[in-house]
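See structure below.
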Amino acid sequence: MKDSRRSEAQPIKKIIDQETGAHVGWLYEWNTGDLEPMWCDGPKLDVRYEDIPPEELPLV
């Protein structure tokens, strides 16, 4: 049976402001498969998601 409790997450995408091109957050995927944004300075509405370059991936 799949564990439905959130215990760990990892960033899977960068969140980029559509208008300015600024990096405004990270999209995390939890061990449950849930996706959740983590904002740098509050939520933004007009965004796009980009792959994370290998050099920016966290060490695990």
- Message: Could you check whether any side-chain N or O of N31 sits under 3.5 Å from a backbone N or O of E8, counting only pairs where one atom can act as donor and the other as acceptor?
- Response: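 Side chain of N31 to backbone of E8, a donor-acceptor pair under 3.5 Å: yes, one is there.
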- Taking D17 for the side chain and A22 for the main chain, is one N or O donor matched with an acceptor at less than 3.5 Å?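 No, the answer is negative, given that no donor and acceptor are paired below the 3.5 Å cut-off.
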- Item | Smallest separation among heavy atoms of I16 and E50, with atom names |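 In this case the closest contact between I16 and E50 is CG1-CD, 3.6 Å.
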- With ILVMFWY side chains joined below 4.5 Å, transitively, what does Y49's cluster contain besides itself?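 ILVMFWY cluster around Y49 also holds I12, I15, V24, L27, L35, W39, V47.
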Salt bridge (Lys or Arg N to Asp or Glu O under 4.0 Å) involving [X] - partner list, sequence neighbours excluded:
| X | answer |
| --- | --- |
| D41 | none |
| K14 | E56 |
| E29 | none |
| D34 | R6 |

- Task: Apply side-chain hydrogen bond (donor to acceptor under 3.5 Å, both in side chains) to W30 and list each qualifying residue two or more places apart in sequence or on a separate chain.
- Result: E36
- Item | I52 side, atom CD1; K13 side, atom NZ - distance, nearest 0.5 Å |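 Result: 8.5 Å between the selected atoms.
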